[in-house]
Amino acid sequence: MSAVAYQLRGGRQPDVAALTNVLAHLGIRGPGEEPLSEPLVFLASGGIGAGYILFEFAHDGSKPLVLGFRAQWQYPQQWLKSTVDRLGLALDVHTTGGARTAAKRLTAELERQRPVLVLPDRYLLGYWGLPPATEAMGGHFVVAYGETEGGATEGKVLVDDRNLAPLSVPRKEFDAARDRVGSYKNLLAGVRPGELGDLADAVRGGLADCAKRLSAGSSSFSLPAWRKWAGLMVDERAGKGWPTVFADRQGLVGALLSIWEGIEPAGMTGGHLRDLFADGLTEAAVLLDEPRLDAEAERWRAIGERWHELATTAMAHEIPEFGWMRALTQEIADGVRTGDDGRAKVTQAAAELWRLRKHYDGETPFTQSQASALFTDIGALLRDIYLSETQAVAALSEITAR
């Protein structure tokens with residue numbers, strides 16, 4: 001099938017970029033008859049989120065850290081539907097437990113030259129260079145927009161994951177990746193062509209939803225998650241406190257790198273997103289004729305700088321090995337952006353990155369006193385961020401109150 005009509009546009013946050021790029025392909029326009037911008041789609045989707053979970057797996061001793069920075073980060077299907085609904089568009093969603101049925105549906109959509117959003121397992125996609133231990137640990141929305149000749153045996157699916165050059169995945173591997181994660185097994189979603197609803201109302205509604213959600217009391221999925229995390233950084237009695245979880249410092253380097261990857265845009269999920277939110281507020285100030293949003297944009301940019309400070313504290317520049325890991329992470333992101341041409345670069349950088357992670361998870365460069373001081377510093381930054389974001393959300397609530 002030909003996919004010439006689909007334009008690779010890149011993007012910042014994977015889920016938002018995937019939807020934004022599909023809308024652009026469908027010819028759905030925003031202000032001035034220009035394609036909808038990713039920042040405005042982000043605002044209409046509910047904007048930023050907050051979430052923190054530290055896992056401990058007994059089978060291999062790993063301690064994966066998950067940070068949520070997008071609205072409804074824990075519910076991707078609900079996020080997509082509510083966003084499309086708010087934009088006044090319609091979404092066709094298909095899920096099935098059967099891999100063959102799912103494959104046939106995808107083939108039918110691609111033969112119609114209809115780009116669709118899917119949620120594959122990142123490890124099985126292959127192009128991120130992840131190790132087997134990350135299988136079934138989730139993924140983000142990507143766009144499947146075409147397929148090369150060869151069918152299920154030799155064909156490849158053309159994927160938009162913010163890459164700016166063609167990126168393909170063998171059809172058999174792509175089908176397996178879609179089938180792997182049980183909570184959204186074989187999810188496929190297509191936006192119907194149509195007229196955009198009232199964009200100002202969509203953005204206003206997304207901002208109101210953001211303020212309401214982040215004002216909630218949940219310590220897992222709202223701003224109190226940052227306060228909880230700050231406390232756990234120094235709590236020596238809590239079972240999930242970092243002094244307890246990392247008492248022997250085993251796995252600590254991997255957790256610190258996960259902090260950096262989650263916060264910085266070099267990671268797979270777009271970073272802390274406070275800068276993307278600020279860009280959206282700047283655009284919304286004009287769209288909604290609400291100049292107060294300009295000031296709030298600057299406030300969120302300053303908060304974004306605090307997140308950057310936290311990331312660089314976690315992966316200190318004075319430790320050469322950490323600089324090496326940061327550079328390798330950036331190489332992987334750059335390689336994915338260049339599509340199939342960057343595959344060898346990604347494979348090499350990822351192999352070295354995960355070798356270093358494994359080595360330093362077992363032989364930590366920290367003494368106990370150094371780790372304790374680091375935990376204190378991170379906890380202090382998190383408390384500051386929590387207070388700053390709480391104040392910013394309160395201001396946003398006043399602006400969006402009707």
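Predicted, not measured: the structure shown is a model, and the values here were computed from it. Worth knowing before you read on, the calculation uses all heavy atoms, side chains too, and leaves out hydrogens, waters and symmetry mates.
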Do Asp92 side-chain atoms and Ala189 backbone N/O form a donor-acceptor pair below 3.5 Å? no

If you look at every heavy atom in Val234 and Thr376, which pair is closest and at what distance? CG1-CA, 3.8 Å

Testing the basics here: between Thr96 and Asn186, what is the closest heavy-atom pair and its distance to 0.1 Å? O-ND2, 2.9 Å

Within the structure provided, determine whether Thr20 and Arg9 are in side-chain contact (heavy-atom separation under 4.5 Å). no

Quick one: does NZ or CZ of Arg383 land under 6.0 Å from the six-membered ring centre of Trp226, within 45 degrees of the ring axis? no

Go through the steps to decide whether Thr83 and Trp79 satisfy the test side-chain contact (heavy atoms from CB on, under 4.5 Å), and finish with yes or no. CA-CA 6 Å; Thr83 303; Trp79 172 86; 3.8 Å; yes

Looking only at atom types and distance, does a side-chain atom of Glu264 sit under 3.5 Å from a main-chain N or O of Ala266, one as donor and one as acceptor? no

Of all heavy-atom pairs linking Ala284 and Val203, the shortest is CB-CG1, 3.9 Å

Is any side-chain heavy atom of Arg29 less than 4.5 Å from a side-chain heavy atom of Leu196? no

What pairs with Val116 under side chain to side chain contact (heavy atoms under 4.5 Å, CB included), at least two apart in sequence or on another chain? Leu106, Glu109, Val118, Ala144, Leu188

Exactly one candidate in Thr347, Asp161, Asn163 meets side-chain hydrogen bond (donor to acceptor under 3.5 Å, both in side chains) with Tyr127; the answer is Asp161

Give the C-alpha distance, both sets of side-chain angles, the deciding distance and a yes or no for side-chain contact (heavy atoms from CB on, under 4.5 Å) between Gln77 and Val93. CA-CA 9 Å; Gln77 185 173 342; Val93 178; 3.7 Å; yes

Does Ser222 reach the main-chain N or O of Ala216 with its side chain, forming a donor-acceptor pair under 3.5 Å? yes

Give the intermediate values and the outcome of side chain to side chain donor-acceptor pair (under 3.5 Å) for residues Gln250 and Thr364. CA-CA 7 Å; Gln250 298 291 304; Thr364 175; over 6 Å; no

Short question: side chain of Ser37, backbone of Leu40 - any donor-acceptor pair under 3.5 Å? yes

List the residues meeting side chain to side chain contact (heavy atoms under 4.5 Å, CB included) with Gln370, not counting sequence neighbours, and say none if there are none. Phe366, Thr367

Val393 and Ala211 have their tightest heavy-atom pair at CG1-O, 3.6 Å

Test item: Leu328 and Leu356 side chains (from C-beta on) under 4.5 Å apart, heavy atoms: yes

How about NZ on Lys345, more than 12 heavy atoms from neighbouring residues, nucleotides or ligands closer than 6.0 Å, or not? yes

Asp279 side chain to Pro39 main-chain N or O, any donor-acceptor pair under 3.5 Å? no

Is the closest side-chain heavy-atom distance between Tyr123 and Trp128 below 4.5 Å? no

Nearest-0.5 Å distance, CD of residue Glu309 to CG of residue Asp377: 9.5 Å

If you measure only the distance, is there a donor-acceptor pair under 3.5 Å linking the side chains of Gln72 and Ser82? yes

Indicate whether any N or O donor in one side chain lies under 3.5 Å from an N or O acceptor in the other, for Arg105 and Thr95. no

Non-hydrogen atoms of Ala255 and Trp242 that approach each other most closely: CB-CH2, 3.9 Å

Main-chain N/O of Asp384 paired with Arg306 side-chain donor or acceptor, under 3.5 Å: no

Do Asp160 side-chain atoms and Arg162 backbone N/O form a donor-acceptor pair below 3.5 Å? yes

Close side-chain approach of His359 to Glu321, heavy-atom, < 4.5 Å: no

Could you check whether Phe69 and Trp307 have their ring centres less than 6.0 Å apart? yes

Would you say the side chain of Arg204 lies within less than 4.5 Å of the side chain of Leu287, judging by non-hydrogen atoms? no

Where the side chain of Ser388 meets the backbone of Ile385, is there a donor-acceptor pair that is under 3.5 Å apart? no

Are side-chain N/O atoms of Arg357 and Ser258 paired as donor and acceptor at under 3.5 Å? yes

Using side-chain heavy atoms (C-beta onward) and a distance below 4.5 Å, is Asp179 in contact with Lys185? yes

Which heavy atom in Ala103 sits nearest to a heavy atom in Arg178, and how many Å separate them? N-NH1, 4.4 Å

Close side-chain approach of Leu214 and Cys210, heavy atoms under 4.5 Å: yes

Gln7 and His25 side chains, donor-acceptor separation under 3.5 Å: no

Please test His308 against Ile263 for side-chain contact (heavy atoms from CB on, under 4.5 Å), starting from the C-alpha separation and ending with a verdict. CA-CA 7 Å; His308 176 67; Ile263 292 172; 5.6 Å; no

Heavy-atom count check: over 12 atoms from other residues, nucleotides or ligands less than 6.0 Å from Arg100 CZ? no

Thr244 and Glu236 side chains, donor-acceptor separation under 3.5 Å: no

What I want to check is whether the side chains of Thr107 and Arg171 have a donor and an acceptor closer together than 3.5 Å. yes

Is the closest basic N to carboxylate O distance between Lys240 and Glu56 below 4.0 Å? yes

Is the centre of the Trp73 ring less than 6.0 Å from the centre of the Phe221 ring? yes

Do Ser168 and Asp340 have side-chain N/O donor and acceptor atoms under 3.5 Å apart? yes

Side chain Asp361, main chain Gly254, donor-acceptor under 3.5 Å: yes

Flag the pair Asp209 and Lys212 as a salt bridge only when some basic side-chain nitrogen lies within less than 4.0 angstrom of an acidic carboxylate oxygen. no

With a 3.5 Å distance limit and no angle check, can you tell me whether Lys228 reaches the backbone of Ser219 through a side-chain donor-acceptor pair? yes

Carefully, step by step, assess Leu276 and Gln13 under the rule side-chain contact (heavy atoms from CB on, under 4.5 Å). CA-CA 8 Å; Leu276 180 61; Gln13 202 283 333; 4.1 Å; yes

